[in-house]
Amino acid sequence: MLDRVKEIYQEIEHFQIQSKDELEQFRLRYIGRKGVVTDLFEKLKQVPQEDRRAVGQELNSLKDFAQQRFKESSTSLENSFSEDVQPPVDLSLPVIPNLYGAQHPLNLVRQQIISIFGRIGFSVADGPEIETDWYNFGALNFPDNHPARDMQDTFFVDKKSNGAPADLLLRTHTSNVQIRLMEHQKFNTTFQPIRAIMPGRVYRNEAISARAHCMFHQVEGLYVDKNVGFKDLKDTLYHFVKEMFAKDVKIRFRPSYFPFTEPSAEIDISCQICHGSGCPICKYSGWVEIAGSGMVDPNVLINCGVDPEEYTGYAFGMGVERITQLRYGVNDLRLYTENDVRFLRQFQGA
Ligand code: DAH
């Protein structure tokens, strides 16, 4: 009898209970009124009187053991998700976060610029980064001896046999796209007003440091139509800086010189880093330059086949790195190209 009890202990211990069916089978076999344990209790009468007490105790603990196993299995089945399948993962483990990327800050700001100007009717135009001397300099009224044409400042793609700069160069600004847009007018039967911004990369022969880079980004703007005046330029740029920065941003137009605009102005805004209290970004002046601008020089219009007696225009060109610096406080230009994820991750969700 005791051997049989031992056998059943083992059976109970090893019985697989992974579904409600198996649990029911277990119940019928070890707990139910027709089960093996009840059967053993029946047989207790046949055990000799002197052993009956000890065997009875053994049977009672066998019964407890079976009930205990039943209880445990039924609660663990109830806690599992589906009737038959144990969850394949440990649900108490911490979640592995999804690793979302972030937009590059320069891309982010470029998109913001495009959408601000888009809302006031500016389309987006593009032009080549490898450009001829004419589009980058000549048509923009640069004199032959202008220092920007020097190899110290500009990357030329190759040299002529006499060592002089060849015609092809990496554009030094996005103003080349102005020329390409305006000369397109020749394909139109009547003049179509131009109102576009032109984002893109530009290149200059500079040593890389925290404040200078040989490759950076600009957004050019051009508006040519009848009766475009300097007031339109001021209105548009004032609107832009209020949208881009704080509503209380201050703007000032400082007289300046560019070969392709007359009159010309540089545009400063109140420093968005120190708000006037003085910091290295604004060199303690409270003002930061963000763009060059002016009325398109009549010579430039003529170079593009646009009649300056009938049409006028304004143009501007702004540095995307500078605007990003003021927007997000990025103080070292090299961060933009180093691909350090600790830097880039800060723009997640921006
Ligand atoms: N091209 C100039 C630069 O790279 C910026 C600029 C100034 C663009 C005046 C313009 C402008 O369109 O009107 O420094």
Side-chain angles (χ1 to χ4, degrees), residues 110 113 117 122-129 131-143 146-150 152-155 169-183 194-206 211-225 228-238 240-241 251-269 288-301 303-304 306 308 311-323 333:
R110 186 185 58 157
I113 296 173
F117 281 104
F122 281 76
S123 56
V124 178
D126 198 9
E129 290 177 25
E131 192 52 289
T132 63
D133 180 279
W134 171 252
Y135 286 101
N136 195 79
F137 295 127
L140 286 157
N141 206 29
F142 278 77
H146 193 282
R149 282 189 145 116
D150 196 287
Q152 299 302 312
D153 292 313
T154 300
F155 289 117
L169 46 84
L170 298 185
R171 69 174 175 193
T172 59
H173 50 187
T174 43
S175 306
N176 65 324
V177 195
Q178 286 188 32
I179 305 301
R180 291 183 171 273
L181 276 186
M182 285 192 278
E183 70 171 10
I194 300 167
R195 199 194 283 151
I197 54 166
M198 300 145 247
R201 279 194 193 117
V202 302
Y203 303 84
R204 287 187 200 171
N205 194 358
E206 302 258 6
R211 310 183 121 256
H213 209 290
C214 58
M215 183 278 293
F216 52 99
H217 300 76
Q218 289 185 336
V219 174
E220 194 81 9
L222 178 68
Y223 179 25
V224 184
D225 200 351
V228 177
F230 202 88
K231 176 186 184 299
D232 301 307
L233 169 67
K234 287 180 92 173
D235 274 352
T236 307
L237 287 171
Y238 189 32
F240 167 72
V241 296
I251 187 168
R252 74 179 184 190
F253 289 72
R254 229 172 346 95
S256 182
Y257 172 78
F258 299 102
F260 38 94
T261 44
E262 181 57 39
S264 306
E266 274 168 321
I267 299 156
D268 298 339
I269 61 166
V288 188
E289 183 197 323
I290 59 158
S293 68
M295 299 306 295
V296 181
D297 192 293
N299 286 339
V300 175
L301 294 173
N303 286 339
C304 301
V306 177
Y311 299 100
T312 50
Y314 68 66
F316 58 84
M318 58 181 84
V320 182
E321 277 79 356
R322 172 52 65 84
I323 292 177
L333 279 177

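Each ligand, and each atom within it, is numbered from 1 in the order the structure gives. Here, residue 1 is the first one in the sequence, and each next residue gets the next number.
Look at M295 and you'll find every heavy atom at least 4.0 Å from all atoms of ligand 1. Ligand 1 lies within reach of F260, whose nearest heavy atom is under 4.0 Å from it.
Looking only at heavy atoms of the protein, atom 14 (O) of ligand 1 is closest to R204 NH2, 3.8 Å.
Using a cutoff of 4.0 Å between basic side-chain nitrogens and carboxylate oxygens, R195 and D225 are not scored as salt-bridged.
For ligand 1, none of its N or O atoms has an N or O atom of G292 under 3.5 Å away. Between T172 and ligand 1, no pair of N/O atoms sits closer than 3.5 Å. Considering backbone and side-chain N/O atoms, E220 comes within less than 3.5 Å of an N/O atom of ligand 1.
Under the 30°/60° scheme for interplanar angles, the aromatic rings of H173 and F137 are found to be tilted. A perpendicular orientation is assigned to the rings of Y314 and Y223, their planes being inclined by more than 60° (bins at 30° and 60°).
Residue-ligand proximity, T261 to ligand 1, at heavy-atom distances under 4.0 Å covers atoms 13 (O). Of all atoms in ligand 1, numbered sequentially from 1 with element shown, those under 4.0 Å from a heavy atom of Q218 are 3 (C), 4 (O). Listed by number with element, the atoms of ligand 1 under 4.0 angstrom from any heavy atom of Q178 are 12 (O). Numbered from 1 in the order shown, with element, the atoms of ligand 1 that lie under 4.0 Å from a heavy atom of F258 read 7 (C), 9 (C).
Listed for the S264 side chain is a donor-acceptor partner under 3.5 Å among the backbone atoms of F258. Between the side chain of T174 and the backbone N or O of P199, no donor-acceptor pair lies under 3.5 Å.
There is no side-chain donor-acceptor pair under 3.5 Å between E206 and H213.
The ring-ring contact (aromatic ring centres under 6.0 Å, His included) check on Y311 picks up F191, with sequence neighbours excluded.
Aromatic ring centroids of F117 and F316 lie under 6.0 Å apart.
At a heavy-atom cutoff of 4.0 Å, ligand 1 is contacted by no atom of M318, backbone or side chain. Contact annotation for F316 and ligand 1: only backbone heavy atoms (N, CA, C, O) come within less than 4.0 Å of the ligand. Heavy atoms of A315 found under 4.0 angstrom from ligand 1 belong to the backbone as well as the side chain.
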